[in-house]
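Just the heavy atoms: all of them, side chains too, but no hydrogens, waters or symmetry mates, feed the values below.
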Amino acid sequence: MSPFRSHMQAALDQARAAAARGEVPVGAVVVAPDGRVVGAAGNRTRELNDPTAHAEVLALRAACAAAGSERLPGHDLYVTLEPCPMCASAIGQARIARLYYGAADPKSGGVAHGPRIYDHPQSHHVPEVYDGIRAAEAEVLLKTFFAARRG
């Protein structure tokens, strides 16, 4: 097993790219067991007119296409914001091994807040969850984006 290497910088880069497109700045990357990034995306809900086009879902879709499977055992997901309930469920359905996220989302989160998807008996797969990874950077991106919108 190779030593741990965080891929949160790649997720933050995806979040910055999303903000530049006028999307809420959330980014996600999926990392294969061998350490390769196999899916990367930022939010594209407005661009694609698709309420499911969250960074996590798009990154999972890319990784699943690359793997030729709807399941990604042994894979890690890095995302800049606590996943919403929809994304948390998709992460479980994909059988992601480890979820690393940055900023907490008390308003819309689905992992540590709100419905706490992985606490339900209906969750057939629960990833290991690590929160607060480079959270301050992710929070600044989000706060700056929304402050400019209200400006």
Checklist outcome for this item: Of all heavy-atom pairs linking Gly39 and Ala62, the shortest is CA-CB, 4.0 Å
Next on the checklist: Would you say that Ile91 contacts Tyr118 through its side chain, given a criterion of any heavy-atom pair below 4.5 Å between the two side chains?
Outcome noted: yes
Item to check | Ile117 side chain near Pro85 side chain, heavy-atom distance below 4.5 Å | outcome: yes
Checklist entry - Hey, does Pro25 have a side-chain heavy atom less than 4.5 Å from the side chain of Arg16? => result no
Checklist entry - For the hydrophobic clusters of this structure (ILVMFWY residues joined by side-chain heavy atoms under 4.5 Å, transitively), does one cluster hold both Leu12 and Val37? => result yes
Next on the checklist: Minimum heavy-atom separation for Cys87 and Glu56, please, with both atom names.
Outcome noted: SG-OE1, 3.5 Å
Next on the checklist: To check you understand the geometry: which heavy-atom pair defines the closest contact between Arg36 and Asp34, and what is its length?
Outcome noted: NE-OD2, 2.7 Å
Checklist entry - Of all heavy-atom pairs between Gly110 and Ala88, which one has the smallest distance, and what is that distance? => result O-CB, 4.2 Å
Checklist entry - Do you reckon Val29 sits in the same ILVMFWY cluster as Leu77, going by side-chain contacts under 4.5 Å, direct or chained? => result no
Checklist entry - How about Gln9 and Arg134: does a side-chain donor come under 3.5 Å of a side-chain acceptor? => result yes
Next on the checklist: When you measure from the side chain of His54 to the backbone of Gly42, do you find a donor-acceptor pair of N or O atoms at a distance under 3.5 Å?
Outcome noted: no
Checklist entry - Is Arg21 reaching over with its side chain to a backbone N or O of Glu47, donor-acceptor style, under 3.5 angstrom? => result no
Checklist entry - Tyr100, Val31: one ILVMFWY side-chain cluster at the under-4.5 Å cut-off? => result yes
Next on the checklist: Is there a side chain to side chain contact (heavy atoms under 4.5 Å, CB included) between Asp76 and His7? Walk through the geometry before answering.
Outcome noted: CA-CA 9 Å; Asp76 297 341; His7 291 270; over 6 Å; no
Checklist entry - Can you name the salt bridge (charged side-chain N to carboxylate O under 4.0 Å, His left out) partners of Glu70, sequence neighbours left out? => result none
Item to check | ILVMFWY cluster, Val57 and Val38 together (side-chain gap under 4.5 Å) | outcome: no
Item to check | Minimal non-hydrogen separation, Ala40 against Gln14, with atom names | outcome: CB-NE2, 3.7 Å
Next on the checklist: Does any part of the side chain of Leu72, heavy atoms only, come nearer than 4.5 Å to the side chain of Leu60, both counted from C-beta?
Outcome noted: yes
Next on the checklist: If I compare all heavy atoms of Ala104 with all of Leu81, which pair ends up nearest, and what's the gap?
Outcome noted: O-CD1, 3.8 Å
Next on the checklist: Nearest 0.5 angstrom please: Leu99 CG to His75 NE2, how far?
Outcome noted: 14.5 Å
Next on the checklist: Using salt bridge (Lys or Arg N to Asp or Glu O under 4.0 Å), reason through Arg44 and Glu23 one step at a time and then give a plain yes or no.
Outcome noted: CA-CA 6 Å; Arg44 291 187 181 272; Glu23 300 276 359; over 6 Å; no
Item to check | Distance (rounded to the nearest 0.5 Å) between Ser89 OG and His124 NE2 | outcome: 9.5 Å
Next on the checklist: Quiz question: by atom type and distance under 3.5 Å, do the side chains of Arg61 and Thr52 form a donor-acceptor pair?
Outcome noted: yes
Next on the checklist: Could you check whether any side-chain heavy atom of Thr80 comes within less than 4.5 Å of a side-chain heavy atom of Met8, counting everything from C-beta outward?
Outcome noted: yes
Checklist entry - Given the rule in the side chain to side chain contact (heavy atoms under 4.5 Å, CB included) test, do Val24 and Phe146 qualify, once you have shown the distances and angles that lead to the verdict? => result CA-CA 8 Å; Val24 174; Phe146 287 113; 3.9 Å; yes
Item to check | Gap between atom CZ of Arg95 and atom OG of Ser69 - 0.5 Å precision | outcome: 10.0 Å
Next on the checklist: For a 4.5 angstrom cut-off between non-hydrogen side-chain atoms, does Pro106 reach His113?
Outcome noted: yes
Next on the checklist: Within the structure provided, determine whether Val129 and Val111 are in side-chain contact (heavy-atom separation under 4.5 Å).
Outcome noted: yes
Checklist entry - Can you find a pair of side-chain heavy atoms, one from Asp131 and one from Glu82, that are under 4.5 Å apart? => result no
Item to check | Transitive ILVMFWY side-chain link Leu141 to Ile133, under 4.5 Å | outcome: yes
